[in-house]
Amino acid sequence: MRKLMVVGNWKMNLTSSTASELAVQIRDGSTTNTNTVEVVFCPPAPYLKLVSGLIEGTSIGLGGQDVSGKGPGAFTGETAAEMLLDVGCKWTIIGHSERRTYHNETDSVINQKIKRAIQLGLNVFLCVGEKKEERQNNQTEALLEMQLNGAFTDLETSALERIVIAYEPVWAIGTGLVATNEQAEAAHAYIRSWISTRFGASVAGDMRILYGGSVKADNALGLLSQPNVDGALVGGASLDAKSFNSIIQSAADSSSTK
Ligand code: PEP
């Protein structure tokens, strides 16, 4: 059985003091059995070390929101995989739609980042998802196919053990327009079938596919109960400890139905 995951993407929010408060409130407020649900925080880069100290000794994982595809050197503003590992990260997000949109990240750049992150020993949340027009034009699967083909170019099957896919329809991110349970399930099933065709049924069966896009305490259970939805990547609602802990609890409740 695939272990459910709930991941908080704090984006470019918080201060060192509010980031600490949030980490502690979630750490101490969650009563969910950590054998059932895996939780990861992705704070802004300057707060990684601070949050790392606060979750030390717990089962909560730490991730970067992005990573460079290059090694350490003259790349102003970038963060190398080595640096994420150095401050306690086991994870990094790659290919978030905000990186694709505001930083022009192409599938080839994303592929380079994935390869390097995995080579260095990080685990990756790979974000994919269609824009509103693509969904309206029935191009969701074609778009997912293109992003998956690009991201997985020249990847060995063994690399997939380090990858969790996050299906994040762009029209649902930060908009309050959550995908229906059926839309999410259909996209996740498509992604799993793509993985199965390319890497085999066993790899596809083990692959965790998270849903992201306006997940809140009141819609999490329905989404997380879908057979191919293995967790949630949460933006806005991850900034509120009560909401985030409630989503973690929904994941635990849904796991008993799978
Ligand atoms: C995200 O940024 O990955 C995300 C899912 O954001 P939100 O939950 O705010 O839609």
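Atoms within each ligand, like the ligands themselves, are counted from 1 in listed order. All values reported here derive from a predicted model rather than from experimental measurement. Heavy atoms only: backbone and side chains are in, while hydrogens, waters and symmetry mates are out. Counting from 1, the numbers follow the sequence of the chain as shown.
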Which of the ligand 1 atoms, numbered from 1, are nearer than 4.0 Å to a heavy atom of His96: 1 (C), 2 (O), 3 (O)
Polar contact flag, side-chain donor to acceptor under 3.5 angstrom, Trp171-Glu130: yes
Sub-4.0 Å atoms of ligand 1 with respect to non-hydrogen atoms of Gly174: 7 (P), 9 (O), 10 (O)
Atoms in ligand 1 with a heavy atom of Asn9 nearer than 4.0 Å: 1 (C), 2 (O), 3 (O)
Side chain Arg100, main chain Gly95, donor-acceptor under 3.5 Å: yes
Pair Phe199-Glu156, side-chain contact (heavy atoms from CB on, under 4.5 Å): steps then yes or no: CA-CA 9 Å; Phe199 295 99; Glu156 305 279 338; over 6 Å; no
Ligand 1 atoms in contact with Gly213 (distance to a heavy atom under 4.0 Å): 5 (C), 10 (O)
Ion pair check, Lys3 and Glu38, cut-off under 4.0 Å: no
For atom 3 (O) of ligand 1, closest protein heavy-atom neighbour: Glu168 OE2, 2.7 Å
Option nearest atom 6 (O) of ligand 1 (shortest heavy-atom distance, choices Gly235, Gly212, Ser214): Gly235
Nitrogen or oxygen atoms of Lys11 and ligand 1 under 3.5 Å apart: yes
Per-atom contacts of ligand 1 with Ala172, taking only distances under 4.0 Å to non-hydrogen atoms: 10 (O)
Side-chain donor or acceptor of Asp230 paired with backbone N/O of Ile209 under 3.5 Å: yes
Reference residue Phe41; test side-chain contact (heavy atoms from CB on, under 4.5 Å); the match among Leu22, Val51, Val7, Leu54: Val51
Other residues, nucleotides, ligands: >12 heavy atoms within 6.0 Å of Lys11 NZ: yes
Under 4.0 Å to a heavy atom of Gly236 - the qualifying atoms of ligand 1, by number: 7 (P), 8 (O), 9 (O)
